[in-house]
Amino acid sequence: MKASAYFLMLFMTMILLPGSAGRTDAIIAPVPGMVTMVDLGARSCIPCKMMPPIRSELAQAYPGKDAIIFIDVWHDKDAAKRFKVSAIPTQIFFDRHGQEISRHVGFLDKQAIIGRLTLMLEQP
């Protein structure tokens, strides 16, 4: 009983964290009508472990204007196929219409992400 309650609490925490930083593949990606960055990686991959603090800061920087989504492709292999991921981490940027605008493979620093998001948010 305790193990199932812990799992449920952990799952709900990942889905319902404030902002979009805690969202996982359980939501639609890209998010319709929003600029979206999908960060595809794994929780145990070294460069991927550097991304969560950045995702959290970015989710708070643009509330209601963008969606920052993490998908662990080691747990969701279908997402890896869907997004055609060949190496992790991979960040994919989508415009408000769901069109892929750019893609980066490897660690991507906060300033580079801000630059891409800013350009996308300025476009109609």
Side-chain angles (χ1 to χ4, degrees):
M1 177 77 171
K2 286 184 179 181
S4 62
Y6 175 76
F7 176 76
L8 179 60
M9 185 174 67
L10 179 63
F11 179 75
M12 294 306 292
T13 300
M14 290 179 3
I15 302 258
L16 298 175
L17 283 175
S20 54
R23 294 181 180 162
T24 67
D25 55 309
I27 66 165
I28 298 169
V31 176
M34 295 186 83
V35 168
T36 305
M37 181 187 90
V38 179
D39 181 24
L40 298 123
R43 288 182 175 82
S44 55
C45 140
I46 299 301
C48 302
K49 287 181 180 182
M50 296 165 35
M51 295 300 297
I54 294 170
R55 288 193 311 263
S56 294
E57 289 178 35
L58 294 173
Q60 294 173 12
Y62 304 102
K65 296 181 181 178
D66 72 350
I68 309 293
I69 299 170
F70 172 72
I71 299 176
D72 188 324
V73 296
W74 288 356
H75 293 284
D76 186 351
K77 297 194 186 313
D78 290 337
K81 291 176 190 171
R82 175 181 168 214
F83 291 106
K84 300 177 178 107
V85 174
S86 59
I88 58 172
T90 294
Q91 299 83 30
I92 307 173
F93 295 84
F94 296 91
D95 67 12
R96 289 179 180 91
H97 309 290
Q99 297 295 319
E100 183 176 327
I101 300 300
S102 66
R103 174 182 292 246
H104 178 267
V105 177
F107 173 76
L108 189 59
D109 67 64
K110 181 180 170 184
Q111 289 310 114
I113 296 170
I114 287 173
R116 291 178 190 204
L117 291 174
T118 301
L119 285 174
M120 292 169 47
L121 287 167
E122 291 172 353
Q123 297 176 354

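All residue numbers in this chain count up from 1 along the given sequence.
Of the options Thr118, Leu108, Asp39, a side chain to side chain contact (heavy atoms under 4.5 Å, CB included) to Ile113 is made by Leu108 and by none of the others. Exactly one residue among Gln60, Glu57, Arg55 makes a side chain to side chain contact (heavy atoms under 4.5 Å, CB included) with Ile68. That residue is Arg55.
Between the side chain of His104 and the backbone N or O of Gly106, at least one donor-acceptor pair lies under 3.5 Å. Although no hydrogens or angles enter the test, the distance criterion places no donor-acceptor pair under 3.5 Å between the side chain of Thr90 and the main chain of Val105. Within the 3.5 Å criterion, the main-chain N or O of Met34 finds a donor-acceptor partner in the side chain of Thr36. At least one donor-acceptor pair closer than 3.5 Å links the side chain of Arg96 to the backbone N or O of Leu121.
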Show, in sequence, the C-alpha distance, side-chain angles and deciding distance for Trp74 and Ile88, and conclude whether the side chain to side chain contact (heavy atoms under 4.5 Å, CB included) test is met.
CA-CA 10 Å; Trp74 288 356; Ile88 58 172; 3.7 Å; yes
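One distance of note links CD1 of Ile54 with NZ of Lys110; it measures 8.0 Å at 0.5 Å rounding. In this structure, the separation between CG on Asp95 and CD1 on Ile101 is 4.0 Å, given to the nearest 0.5 Å. In this structure, CZ in Phe107 is found 13.0 Å from CD1 in Ile46, a value given to the nearest 0.5 Å. Note that the SG atom of Cys45 and the CE atom of Met51 stand 10.5 Å from one another [nearest 0.5 Å]. A distance of 7.0 Å separates CG of Leu117 from CE of Met37, quoted to the nearest 0.5 Å.
Nearest heavy atom pair, residue Gly41 against residue Cys48, reads CA-SG, 3.7 Å. Taking every heavy atom of both residues into account, Phe83 and Ala29 meet most closely at CZ-O, 3.7 Å. The heavy-atom pair separating Met120 from Phe94 by the smallest distance is CE-O, 2.9 Å. Looking at every heavy atom in both residues, Ser102 comes nearest to Arg116 through OG-NH1, 3.4 Å.
Under the 4.5 Å side-chain contact rule for hydrophobic residues, Ile114 and Met50 share a cluster.
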